[in-house]
Visitor: 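Quick one: structure below, then a few questions.
These numbers were taken from a predicted model, which means no experiment stands behind them.
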Amino acid sequence: MPELPEVETVRAGLDSLISGAAVVSVDVRRDSCVRLLPGGPAQFSGLLDGARIEAVVRRGKFLWMPLTHPGAHSADAPAGEALSAHLGMSGQFRVHEGADAPEPHAHCRARLLLDRAGTPLTLDFLDQRTFGYLHVEELVETADARAGGVGSSLAALPGSVAHIGRDALDPDLDAAASVRAWRRGSRGVKQVLLDQTLVSGIGNIYADEALWAARVHPERAAHALTAPQARTLLEASRVVMTRALAQGGTSFDALYVNVNGESGYFSRSLEAYGRGGEPCARCGRPLRRASISGRATHWCATCQRRYAPRR
DNA sequence: AGTAGCACCTGATTGC
DNA sequence: TGCAATCAGGTGCTAC
């Protein structure tokens, strides 16, 4: 469920609250949330105990927190280690300051007790549908990060993120190369926008919003996009996700909230997603809704033409 | 190599 | 009322 603006809202909230905190104890309440570790919850706890969270960083929808281990040598992992996380369709982080944390929610999959300069913190990972995960893994240098140069904060990525492209709001994204990659291949434009290995961060909501704003039909073949159309599409995705971020993200219900349990307001600003049958804000014709490769898709058949008009 | 299809889950809502 | 079908913001693996 969460896409780039929602994940960034979570990242910023976590960063301000838990950066610099040390892990005091770990309670995994559903083993599958650490399924990427062969050793399960015991290994997860062992890797985190005593570690210090240096920061909370993000690429696209992937989050990670570089760790340091006070008093330990770092010869094993030259680039360091990180607690990484993906929210899947329904993941949330919730932070409580002080010693009086409430009972864990029914969807709480793991609870970490932290200490930040003497202040106790409780970090809960909630996930109704359990597609999300927590993981501890080594950071690896990537060719992309080295080539990026300027993006020194992303010099190293967790192994599970190494195949993900820079996200649409990354200042180091190579727009020309991204547009070229988008225009290759036989898939429809919507599928290409959702391909996280090309440009990351765009999910089902913002794909529909960007396509509507750029007046591109979701089923237009990617190779039939002109270069200017593809550029417009990239710019539209940036604009819509930047506006959403400024409003705390998109939320329809309590399934997506920030680290304090609050909802964002961008659902009021959506032009296409969830508006099947309602009039298009540009032309007044009813918006279409259909399933495209298994994802609900919304568009205006008048403003967004599947085939380029004949001259 | 690139792409389609499905699997992975829980819970709310809709329809018979 | 009860129960089955459908749907939900994502990703990764497998098989063509």
Visitor: With a 3.5 Å distance limit and no angle check, can you tell me whether A:Arg282 reaches the backbone of A:Cys303 through a side-chain donor-acceptor pair?
Guide: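 Between the backbone of A:Cys303 and the side chain of A:Arg282 there is no qualifying donor-acceptor contact (under 3.5 Å).
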Visitor: A quick test of your reading: do over 12 heavy atoms of other residues, nucleotides or ligands sit less than 6.0 Å from CZ of A:Arg288?
Guide: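 12 or below, so no.
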Visitor: Find the distance A:Arg35:CZ to C:dG12:P and express it as a whole number of Å.
Guide: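 In whole Å, C:dG12 P lies 10 Å from A:Arg35 CZ.
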Visitor: For B:dT3, does either OP1 or OP2 sit under 4.0 Å from a side-chain N or O belonging to A:Ser186?
Guide: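 So the side-chain polar atoms of A:Ser186 do come within 4.0 Å of the phosphate oxygens OP1 or OP2 of B:dT3, strictly under.
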Visitor: Take the protein atom NE2 of A:His107 and the nucleotide atom P of C:dG9, then report the distance between them rounded to whole Å.
Guide: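 Answer to the nearest Å: 17 Å.
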Visitor: Roughly, in whole Å, what's the span from OH in A:Tyr133 to C1' in C:dG12?
Guide: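 That distance rounds to 10 Å.
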Visitor: Counting only side-chain nitrogens and oxygens, does A:Arg295 get under 4.0 Å of the OP1 or OP2 atom of C:dG10?
Guide: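 The answer is yes; a side-chain N or O of A:Arg295 sits under 4.0 Å from OP1 or OP2.
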Visitor: Are A:His163 and C:dT11 close enough that a side-chain N or O sits under 4.0 Å from OP1 or OP2?
Guide: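 For C:dT11, OP1/OP2 do not have a side-chain N/O of A:His163 under 4.0 Å.
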Visitor: With the criterion set at under 5.5 Å between ring centres and under 30 degrees between planes, would C:dT11 be stacked on A:Phe131?
Guide: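 Answer is no, no stack.
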Visitor: Rounding to an integer number of Å, can you tell me how far A:Leu36 CG sits from B:dC8 P?
Guide: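 Going from A:Leu36 (CG) to B:dC8 (P), I get 16 Å.
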Visitor: A:Tyr133: which residues meet the ring pair (Phe, Tyr, Trp, His ring centres under 6.0 Å) condition with it, sequence neighbours left out?
Guide: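 Partners of A:Tyr133 by the ring pair (Phe, Tyr, Trp, His ring centres under 6.0 Å) criterion come out as none, since no residue qualifies.
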Visitor: Measuring only the P atom in each nucleotide, how far is B:dC9 from C:dT14? A whole number of Å is fine.
Guide: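 Comparing P positions in B:dC9 and C:dT14 gives a spacing of 15 Å.
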Visitor: Got a donor-acceptor contact below 3.5 angstrom from the A:Asp170 side chain to the A:Asp172 backbone?
Guide: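 Looks like yes, one N/O pair under 3.5 Å.
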Visitor: Determine the Euclidean distance between corresponding C1' atoms of C:dG12 and B:dG11; express it in Å to zero decimal places.
Guide: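 Result for the C1' pair: 23 Å, nearest Å.
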Visitor: Which nucleotide in the set C:dC7, B:dT10, C:dG9 lies at the smallest distance from any side-chain heavy atom of A:Arg289?
Guide: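 Out of C:dC7, B:dT10, C:dG9, the nucleotide with an atom closest to A:Arg289's side chain is C:dC7.
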Visitor: Between B:dC6 and C:dT6, how far is it from one P atom to the other, in whole Å?
Guide: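 My reading of the P atoms in B:dC6 and C:dT6 gives 14 Å.
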Visitor: Which one, B:dA4, C:dG10, B:dG11, comes nearest to the side chain of A:Arg187?
Guide: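 In terms of side-chain proximity for A:Arg187, the closest of B:dA4, C:dG10, B:dG11 is B:dA4.
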Visitor: C:dG10 phosphate, OP1 or OP2: any side-chain N/O from A:His86 under 4.0 angstrom?
Guide: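 No, outside the criterion.
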Visitor: Evaluate the criterion salt bridge (charged side-chain N to carboxylate O under 4.0 Å, His left out) for residue pair A:Arg187 and A:Asp195; output intermediate values, then yes/no.
Guide: CA-CA 11 Å; A:Arg187 297 131 95 197; A:Asp195 186 338; 2.9 Å; yes
Visitor: Dump the intermediate steps for side-chain contact (heavy atoms from CB on, under 4.5 Å) on A:Leu63 and A:Val10, then the final yes or no.
Guide: CA-CA 9 Å; A:Leu63 286 169; A:Val10 170; 4.2 Å; yes
Visitor: What nucleotide, of B:dA4, C:dG10, B:dC9, holds the atom closest to the side chain of A:Lys61?
Guide: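 Nucleotide nearest to A:Lys61's side chain: C:dG10.
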Visitor: Nearest whole angstrom, please: distance from the C1' of B:dT10 to the CZ of A:Arg30.
Guide: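 About 8 Å, once rounded to whole Å.
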Visitor: Has A:Gln191 got a side-chain N or O lying under 4.0 Å from the OP1 or OP2 atom of B:dA4?
Guide: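 Answer yes for this pair, as a side-chain N or O of A:Gln191 is under 4.0 Å from OP1 or OP2.
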Visitor: Check the phosphate of C:dG9 against A:Tyr206, side-chain N and O only, distance under 4.0 Å to OP1 or OP2. Yes or no?
Guide: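 It does not, given that no N or O in the side chain of A:Tyr206 lies less than 4.0 Å from OP1 or OP2 of C:dG9.
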Visitor: Would you mind reading off the distance between A:Leu194 atom CG and C:dG9 atom C1', rounded to a whole angstrom?
Guide: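 Taking atom C1' of C:dG9 as the reference, CG of A:Leu194 is at 11 Å.
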Visitor: In terms of ring plane angle, is the pair A:Phe62 and A:His86 parallel, tilted or perpendicular, where the classes change at 30° and 60°?
Guide: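 If you compare the ring of A:Phe62 with that of A:His86, the planes turn out perpendicular.
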Visitor: If only atom types and distance count, is the side chain of A:Gln304 paired as donor or acceptor with the main-chain N or O of A:Ala301 below 3.5 Å?
Guide: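 Absent.
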Visitor: Using the side-chain heavy atoms of A:Gln128, tell me which of these nucleotides is nearest: C:dG10, B:dT10, C:dA8.
Guide: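 Closest nucleotide among those given: B:dT10.
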Visitor: In dot-bracket notation, what is the pairing pattern of DNA chain C, taking Watson-Crick (N1-N3 plus N6-O4 or O6-N4) and G-U wobble (N1-O2 and O6-N3) contacts under 3.5 Å, with [ ] crossing and | for other strands?
Guide: .|||||||.|||||||
Visitor: Please state how far atom CE in A:Met89 lies from atom P in C:dA8, giving the value in whole angstrom units.
Guide: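 Taking atom P of C:dA8 as the reference, CE of A:Met89 is at 8 Å.
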Visitor: Return the value, rounded to whole Å, for the distance between atom CD1 of A:Ile292 and atom C1' of C:dC7.
Guide: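 Those two atoms, CD1 and C1', are 17 Å apart.
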Visitor: Do A:Val23 and A:Leu37 belong to the same hydrophobic cluster, where Ile, Leu, Val, Met, Phe, Trp and Tyr are linked whenever their side-chain heavy atoms lie under 4.5 Å apart, directly or via other members?
Guide: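 Yes; A:Leu37 is reachable from A:Val23 via cluster members.
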Visitor: Among the nucleotides B:dC9, C:dT11, C:dG9, which one has an atom lying closest to any side-chain atom of A:Gln196?
Guide: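 Selected nucleotide (nearest to the side chain): C:dT11.
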Visitor: Of the options C:dG9, C:dG12, B:dC9, whose atoms approach the side-chain atoms of A:Tyr273 most closely?
Guide: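 Between C:dG9, C:dG12, B:dC9, the one nearest the side chain of A:Tyr273 would be C:dG9.
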